[in-house]
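The structure under discussion appears below in the form of C-alpha cells.
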Amino acid sequence: MGELTFAMRFRKINPMPYNFTATEKKWQHYWLDAKPFAALDPSQAGDMPKAYVLDMFPYPSGAGLHVGHPEGYTATDIVSRFLRMKGYNVLHPMGWDAFGLPAEQYAIERNIHPAITTQKNIDNFRRQIQMIGLSYDWDREVNTTDPRYYKWTQWIFLQLFNSYFDPIEKKAKPISHLVNELLNETYVVAPDGSVKLNPIGEGMKAIAGEVRVERAWSELSPQEQREIVDGQRLAYMDEIPVNWCPALGTVLSNEEIIDGKSERGGFPVERRPLRQWLLRITAYADRLLEDLETLDWPGFSKELQKNWIGRSVGAEVDFEIAGARGEERGASKDDVITVFTTRPDTLYGATYMVLAPEHPLVDRLVASDRKNDIANYRAQVSSKSDRDRLAETRDKTGVFIGAYAINPVNDDKIPIYIADYVLMSYGTGAIMAVPAHDQRDFDFAKKFNIPIRPVVKPLVGEAPADKPFEGEGIAINSPIIDGMPTAQAKEHITETLAREGNGIKSVNYKLRDWLFSRQRYWGEPFPIVLDEQTNAYAVDDSELPVQLPELADYKPTGTPQPPLSKAVEWGRYEKDGKTFTRETNTMPQWAGSCWYYLRYIDPQNEERFVDPVKEKYWMSADLYIGGVEHAVLHLLYSRFWHKVLYDLGHVSTPEPFQRLVHQGLILGQMEFHAFSSADGSPISADELTDIKEEVIGAGPTMTGVHKQSRQKYVAQRVDEEMVQKAGPKFVLKSNPSITVDARAFKMSKSRGNVVNPDDIVRDYGADCFRLYEMYLGPLEASKPWNTRDIVGMSRFLNSVWRNLVGDEERNRVAKIVNEPPSEPLDRMMHYTIRKITEDIPNLRFNTAIAELIKLNNELTGLESISQELAENFVLMLAPFAPHIAEEIWQRLGHERSLARHAWPQFDEKKLVESSIELPVQVNGKLRDKITVPADADEATIFAAAENAERVKPWLQGKTIRKRIYASRKLVNFVVG
RNA sequence: GCCCCCGUGGCGGAAAGGCAGACGCUACGGACUUAAAAUCCGUUGACCGCAAGGUCGUGCGGGUUCGAUUCCCGCCGGGGGCACCA
C-alpha cells in the first residue's frame with residue numbers, strides 16, 4: 001500500500017517527463033500489427049544465422065502471472081531482441097501448457113468447465129505477457145488443449161506404442177520389425193517367472209538374464225504372442241503397485257510424489273496395484289545419462305538428473321538355498337536367490353540375507369513354523385502407507401523366515417530374513433547384508449544380534465568400533481582378495497564369481513518406468529481402443545485427434561474408474577465388425593510439454609507434427625530458460641520423447657535443448673521478525689507494544705526453534721525502520737535485547753507477499769518493470785524483491801528521456817547535434833558497446849544495465865549530445881526497455897522501427913588511451929597511483945612508481961627485493 | 001546421512017589471481033523553490049585523527065602466491081536436491 005500511494009502521488013503532482021502508459025500501448029500495438037518479430041522460414045532466411053530462443057511455456061493458472069514468469073521471459077526477450085539486431089533469424093515463441101491437474105482443480109473449485117476457465121486464463125496470461133512488451137512471434141502460439149495440437153501429442157504416443165527398444169543397438173525401432181524377428185526366434189522365461197524376449201540372439205543376456213525355459217515362437221498361441229509383443233512396446237500396460245492419491249482421484253508418477261505426498265496439494269498417496277499405462281523410459285537410462293555430457297546445462301541440473309536416474313554399478317551374486325531343508329518345503333534344488341550389490345568385495349562379510357517382504361521366493365522358502373510370523377509381518381508392512389514408513393525414521397524391522405542361504409565364496413550358511421528396508425522395486429529385491437560395512441545392515445544386525453564381520457580395513461587408521469566402515473580400503477578376512485584395494489577387489493571377485501557361474505557384473509537404476517495414465521478428465525485421451533481381453537490397439541492415424549468428449553460431469557469418480565468412463569457413447573468403438581471400448585484414462589500433464597518446442601517450428605502443419613526441413617533448420621534450441629523445478633520432470637521426459645523421435649527418424653538431433661539456464665527465484669520482500677534473544681522464548685505482540693513498537697498489522701509471524709535453547713519461538717513481524725545492526729545480528733533499536741531475524745520468504749498467497757506484475761506495470765511502466773527485474777542481480781540467483789528499489793530504474797528512464805528528448809514542462813536540456821562525440825565520451829561509448837555486447841549473450845544483464853546508467857549519467861547536464869552517441873545509446877537500451885527506446889528512436893528522426901536495425905559496432909582503436917593510471921603497491925598495500933604514457937616501458941614505469949610521492953616514504957631505508965609489473969594493471973614493490 | 005550451491009556495507013549487488021564495495025536503493029548535507037515534490041551537485045564499510053594520513057575489513061582458521069573476495073585444505077552458518085536405492 002505504502003509504495004502504491006507513493007507512486008500515485010508522485011505521478012499526480014509531478015508528471016513524469018514521458019507518458020509511459022501511452023507510449024507502451026502505442027508500441028505494443030505496432031508490434032502486434034507490423035509483426036517485426038516474425039521468424040522467417042528457412043526458405044526465406046537466406047544466409048542469416050538462426051537462433052532458437054525458448055522459454056518454458058507457462059500453465060495458465062487462475063492466479064495470473066507472478067513476477068517470477070517475467071524474469072525468465074524478459075531475459076530471453078533481451079537475448080532475442082539483441083540477436084535480431086545482430087542479424088540473426090530468431091525464433092522466439094510462446095504458448096500454453098493448459099492440460100493437467102492444476103487447471104482442472106481450478107475449474108472444479110469454481111464449478112466451471114475446465115475448457116472455459118482454461119480459455120479465460122490463457123487470455124489473461126496473453127494480455128499480461130503482451131503488456132510487458134515481449135517480442136514473441138504470436139503467429140506461432142500453441143495451446144496443448146487445442147485438438148489441432150493434441151492430435152500430434154496422440155500421434156507421438158502412437159509412435160511410442162508402435163516401437164520397442166532394441167537392447168543391442170540401444171535404440172527404438174518399429175514394433176513391426178520386432179514381429180518379423182520373432183517369427184524365427186524364441187522367447188524365454190526368466191527366473192522370476194516373467195516372460196521375456198530373445199529378439200536377436202546376442203540380446204538374450206541383456207533382456208532375459210538367466211534363461212530357464214525356452215519355447216519356439218511358433219508354438220505360442222496368438223494371444224501369447226500378442227502379450228509378448230505388447231510387453232516390449234515403449235508404451236505398455238501393466239498391473240503394478242502405483243501411487244494412488246484418493247484426494248486427487250488419480251494415480252501419480254514417482255516424480256510427482258514428494259515426501260510421500262502429492263506434489264500438487266500435498267495430499268497423502270497410497271500404494272495400490274492397478275492396471276496402468278507406462279512408458280519405457282528405463283530403456284533410455286544410459287543414453288539419458290551419457291548425453292548429459294554433451295549439453296551446456298547448469299552443473300546441478302545435470303546432477304539432479306543423474307541422481308534421479310541413479311545408475312549404480314555392481315554385481316549380481318547367486319546364493320543357493322541351504323540343501324535338504326529347502327527341498328523339504330518344495331523349493332527346487334535349482335532355486336537361487338540373486339542379490340544385487342555395489343560392494344561385491346564385501347561378500348565375505350555377508351552374515352545374513354534379506355528379501356523384500358513381497359519377494360516371490362519367500363513363500364517357497366519359509367519354514368512351516370514361521371509362516372504365521374511372516375504373514376503377520378507382511379500384513380503390517382502393507383498396511384503402512386509410504387508416509388508412515390518414512391515417519392518411522394530408521395528403526396529396522398524384519399522377520400527370520402527359517403531358511404538359510406549358502407555364501408558362494410566360503411560356503412557359510414547364513415540366515416534369510418524379510419525386512420521392509422529392502423524394496424522389491426530396486427535391484428533384485430534381495431540383498432546380502434554386510435553389517436560391518438553398511439549402516440542399514442549394521443542397525444539391523446545390532447537389533448537381531450547377528451554377527452558383524454569386518455572384511456575391509458581403512459587405508460589409514462582403524463575402523464571405528466561403534467559404526468560400520470562404509471569407505472573404500474583394503475580387503476581383509478577374504479581369502480581370494482585379501483590385501484587388494486577396494487576397486488581391484490570388486491573387479492577380481494566379480495570375475496571369479498562369473499567364471500564359476502555364481503554371479504555377473506550388473507548395473508541398476510533408481511529410475512522407474514514413467515506412469516503415464518491419469519484418472520482425470522482434463523488431459524489428452526489415449527488414441528487406443530481395447531478388446532475384451534483388454535488388448536490394446538492403436539486407432540488409425542486418420543482418426544486423430546481422438547477428441548476429448550464434452551462431459552457435464554467431469555469430476556473424478558473417487559475410484560480408479562476414470563471420468564471418461566461416463567462418456568458411454570464416446571467410449572463405444574466398432575471396427576471390422578468387432579466391438580471395442582476406448583481407453584478412458586487420460587495422459588498426464590507432462591505429455592503436451594514434452595514436444596511443444598517442436599510444434600512452434602511449424603505450428604499450422606496439418607500433415608505432420610513438424611516439417612522435417614524446418615525441424616532440421618531450427619533444432620536444437622540454442623537457449624532454453626525456465627525454473628529449476630522442472631530439472632527432473634519436464635526436462636527428463638522431454639529428452640526421453642525426443643530421443644525416441646530421433647531413433648525413429650522424426651527429428652534430427654539427439655537432444656532438444658542445447659543450452660539450459662534456470663532463472664533464480666524472486667523471493668518476497670525482506671521481512672523482519674523480532675523475538676527474545678536471551679532464551680528464545682516466544683515474544684507476544686503485546687510485549688512489543690509495551691516497548692512502544694508497532695507490530696505490522698496482523699501480518700504473518702514466524703515460528704522457529706531457537707538455536708541455543710532449542711526452544712520454540714514465535715517471532716512477530718516488525719518494520720524495517722525499527723531495526724538496527726548490532727554486531728553480526730539485528731536487534732530492535734529501542735530494545736537491543738530483542739533479536740530481529742531478517743529473511744526473505746518465497747512469495748505465497750498465505751504469506752501475503754505476492755507482487756502482482758499488473759500493479760507494477762500500471763505504476764511504473766513495463767520498461768521500468770523489465771529493467772528492475774533484470775537489475776536485481778544475476779539471472780540465476782535467488783533474490784528478494786524490493787519495491788523501494790524500483791524507483792532507481794524509473795529515475796534512470798526519466799533521465800534518459802530528459803537527456804535525449806527533453807522535458808515538456810521545462811526546456812530541452814541538451815541539443816542533439818550532428819557532430820561526433822568528444823573524445824572521452826567517444827571512448828566511453830565504445831567501451832559501453834563492447835561491455836554490453838559481451839554481457840547480453842552471457843546473460844549478465846545487471847552489469848549491462850549498470851553500464852547504460854553510467855553512460856547516461858555522463859550525458860546528464862551536457863549542453864549538446866552527439867546524434868551518433870544518442871542513437872547508439874538508444875539501440876543498446878532497446879533490448880532492455882524496448883518501448884521507450886522505439887519512441888526516442890522515432891523522435892531522433894527514424895521512420896522505421898529499430899527492431900531489426902543493426903547493433904552498434906565498437907572500435908578497439910577507440911578504446912586505446914594515450915596514458916594509463918596504475919596503482920602502486922608496496923608489499924601488497926596500495927600506496928599511490930601514477931599516470932604514465934600507455935606505451936611506457938617497464939623501466940620507466942618502475943622509475944615513476946618509485947618516485948611517486950606517497951610511495952617514497954615506504955621505500956625509505958629499505959631494499960627493494962622485487963619489482964612486479966602486472967601489465968597495464970599495477971605495480972608492486974616487495975621490500976624488506 | 002549423502003550430493004550440489006551460496007556467505008562481500010544499512011539493503012540488492014560489482015570486481016579475466018592485481019585499486020574491494022562498480023551501478024542502484026536508503027540515509028545525510030547542499031543548490032533550485034515562498035514551501036514541498038521532482039530535478040541537479042556532494043557525502044555515505046568500520047575505527048583513529050582537526051587535518052594530511054593511517055589501521056582494520058569480503059563467515060571463521062590455516063595454506064599456496066610478490067599479491068587471495070577469487071585457488072587449495074579444515075570448520076561454522078544459510079539454501080536446495082535426494083533420502084532405507086543395497
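Naming: A, B, ... by sequence-line order, numbering from 1 per chain.
The side chain of Lys969(A) places no N or O atom within less than 4.0 Å of a non-bridging phosphate oxygen (OP1 or OP2) of G18(B). Close to U39(B), at under 4.0 Å from its OP1 or OP2, lies no side-chain N or O of Ser799(A).
Counting only Watson-Crick and G-U wobble pairs whose two distances sit under 3.5 Å, RNA chain B takes part in these stems of three or more pairs: B:1-7 with B:76-82, B:10-12 with B:23-25, B:27-31 with B:39-43, B:45-48 with B:53-56, B:59-63 with B:71-75.
Residue order along RNA chain B, read from the 5' end via each residue's closest nucleotide, puts Pro919(A) first among Pro919(A) and Val628(A).
Residues forming a side chain to side chain contact (heavy atoms under 4.5 Å, CB included) with Glu472(A) (at least two apart in sequence, or on another chain): Thr486(A), Lys490(A). Partners of Thr847(A) by side chain to side chain contact (heavy atoms under 4.5 Å, CB included), not counting sequence neighbours, listed by chain and number: Lys835(A), Asp839(A), Arg844(A). Residues passing the side chain to side chain donor-acceptor pair (under 3.5 Å) test with Arg963(A) are Glu946(A), sequence neighbours excluded. Lys510(A) pairs by the side chain to side chain contact (heavy atoms under 4.5 Å, CB included) definition with Tyr426(A), not counting sequence neighbours. For Glu629(A), the side chain to side chain contact (heavy atoms under 4.5 Å, CB included) test picks out no residue, with sequence neighbours left out.
Residue Arg961(A) is classed as having no contact, given no heavy-atom separation below 4.0 Å to the nucleic acid. Backbone-only contact: Arg927(A) has heavy atoms under 4.0 Å from sugar-phosphate atoms and none from a base. Contacts of Arg844(A) with the nucleic acid, taken as non-hydrogen atoms under 4.0 Å apart, involve only primed sugar atoms and P, OP1 or OP2.
Side-chain contact between Gln439(A) and Glu470(A) is present, with at least one heavy-atom pair separated by less than 4.5 Å.
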Shorter than 3.5 Å, N or O on both sides, protein versus nucleotides 2-6 of chain B: list them out with atom names.
none

Identify all pairs in which a protein N or O lies below 3.5 Å from an N or O of nucleotides 73-75 of chain B, and state each distance.
none

I'd like a list of close polar pairs between nucleotides 20-23 of chain B and the protein, N/O only, cut-off under 3.5 Å.
{"from": "A22(B)", "atom 1": "O2'", "to": "Lys854(A)", "atom 2": "NZ", "distance (Å)": "3.0"}
{"from": "C23(B)", "atom 1": "O2'", "to": "Tyr775(A)", "atom 2": "OH", "distance (Å)": "2.6"}
{"from": "C23(B)", "atom 1": "O2", "to": "Tyr775(A)", "atom 2": "OH", "distance (Å)": "2.3"}

Can you name the atoms? Protein N/O to nucleotides 47-53 of chain B N/O, anything below 3.5 Å, with the distance.
{"from": "G53(B)", "atom 1": "OP1", "to": "Arg950(A)", "atom 2": "NH1", "distance (Å)": "3.4"}

Any protein N or O atoms within reach of nucleotides 59-64 of chain B? Criterion: under 3.5 Å, listing atom names and distances.
none

Going 5' to 3' through nucleotides 27-33 of chain B, assign each nucleotide B (protein heavy atom under 4.0 Å from a base atom), S (under 4.0 Å only from sugar-phosphate atoms) or - (no protein heavy atom that close). -------
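If you take CZ of Phe442(A) and C1' of C84(B), they are 16 Å apart, rounded to a whole angstrom. Between Leu970(A) atom CG and G67(B) atom P the separation is 12 Å, expressed in whole Å.
If you look at Tyr352(A) and Phe444(A), their ring centroids are closer than 6.0 Å.
Side chain Lys510(A) to base C82(B): no donor-acceptor pair is found below 3.5 Å.
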